[in-house]
Amino acid sequence: MTPTVSASGLSLRYGGTRALDDVALRLTPGVTGLLGPNGAGKTTLLRVLATAVPADSGAFTVLGHDPSTASGRQEVRRNLGYLPQTPGFHPDFTSFEFVDYVAILKELTDRTARHREVRRVLECVDLSDVRGKRIKKLSGGMRQRVALAAALVGDPGFLVLDEPTVGLDPEQRMRFRELIATAGEGRTVLLSTHQTEDVAMLCHRVLVMAGGTIRFDGTPAELTAWAAGRVWSSAERAPGAKAGWRTGMGTYRNVGDPPPGAELLDPTLEDGYLLSLDGEHAEVAA
């Protein structure tokens with residue numbers, strides 16, 4: 001499949017910190033999850049791909065456009081929808097006014113056509129009934145949906161979402177997953193999240209970042225399979241485990257190198273993710 005996004009050698013330093021270290025990736029239509037601990041470089045990578053900050057070195061294209069040139073950067077931005085981790089809202093704007101403002105920035109100059117598009121994206125995120133309500137009076141989940149509507153303006157081919165479900169309650173998160181899954185039909189979505197369950201439920205592919213590098217690139221099933229034979233149950237905390245916690249049943253679930261005769265458990269995506277971070281068994285998939 002022809003990639004929507006193709007990047008190689010992306011590196012970026014902030015002072016003495018290497019936020020990105022020779023990152024290469026190819027993204028195709030569908031939802032790709034981006035996992036990693038705080039400080040892994042996830043947000044930096046998203047900001048580079050969204051042309052919000054330039055990399056120190058390396059190159060990438062979005063839908064065949066090269067953002068290293070002014071004309072290419074303009075085309076990338078025309079085909080991009082970006083939901084940052086902390087969307088900047090003017091609290092006195094209504095939902096309609098905010099999305100309309102973003103549509104103007106995206107060069108939708110015909111007022112009638114632009115307002116038709118604003119109504120369309122607000123309907124997509126089920127906010128038509130509150131489009132005249134001021135953002136400061138909306139719930140946190142509704143504000144996130146306003147931000148997603150703004151990202152969807154112009155039907156972009158590449159959608160970048162940075163922690164869109166953070167702070168949402170279970171019902172709101174479920175609703176947002178539905179919206180993201182729908183958005184991923186026919187376009188490329190890069191979803192950065194700390195929620196492994198979001199990746200398990202939404203993504204056809206997952207990347208794991210740590211220390212500015214990609215530690216894993218494959219399917220959620222392949223990441224889960226990394227932990228096969230390395231998750232076990234014990235009556236007491238296992239001192240040699242890389243991670244372990246007491247379950248509601250009173251036993252301990254351990255991840256790492258099990259002792260002989262251990263009671264093995266079925267692995268989860270989270271188990272594979274935890275093991276990928278130590279780098280011991282990590283290999284980036286072709």
Transitive ILVMFWY cluster of Trp232, excluding itself - 4.5 Å side-chain cut-off: Leu264
What residues form a side chain to side chain donor-acceptor pair (under 3.5 Å) with His194, not counting sequence neighbours? Asn38, Glu163
Applying side-chain contact (heavy atoms from CB on, under 4.5 Å), name anything that partners Ser128, two or more places apart in sequence or on another chain. Glu123
Extract all donor-acceptor atom pairs below 3.5 Å that involve side chains of residues 5-21 and protein atoms in other chains or at least two apart in sequence.
unit_1	atom_1	unit_2	atom_2	d
Ser11	OG	Asp22	N	2.9
Arg13	NH1	Gly16	O	3.4

Under the side chain to side chain donor-acceptor pair (under 3.5 Å) test, residues paired with Ser68 that sit two or more places apart: Asp66
Please list, chain by chain and in numerical order, all residues satisfying side chain to side chain donor-acceptor pair (under 3.5 Å) with Glu117, sequence neighbours excluded. Arg120
Heavy atoms from other residues, nucleotides or ligands near CG of Asp110 exceed 12 (cutoff 6.0 Å): yes
Residue list, side chain to side chain donor-acceptor pair (under 3.5 Å) with Asp155, at least two apart or on another chain: Arg187
Which pairs would a plain distance check flag for residues 78-91, meaning a side-chain donor or acceptor within less than 3.5 Å of a matching protein atom at least two apart in sequence or in another chain?
unit_1	atom_1	unit_2	atom_2	d
Arg78	NE	Glu107	OE1	2.8
Arg78	NH1	Glu75	OE2	2.6
Arg78	NH2	Glu107	OE1	3.2
Asn79	ND2	Glu75	O	2.8
His90	ND1	Asp92	N	3.2

Which residues pass the salt bridge (charged side-chain N to carboxylate O under 4.0 Å, His left out) test with Arg131, sequence neighbours left out? none
For Thr224, which residues count as a side-chain contact (heavy atoms from CB on, under 4.5 Å) partner, sequence neighbours excluded? Pro267, Leu269
So, using ring-ring contact (aromatic ring centres under 6.0 Å, His included) as the criterion, who are the partners of Phe96 when residues are at least two apart? His115
Tell me which pairs pass salt bridge (Lys or Arg N to Asp or Glu O under 4.0 Å) where either residue lies in residues 40-61, with sequence neighbours left out. none
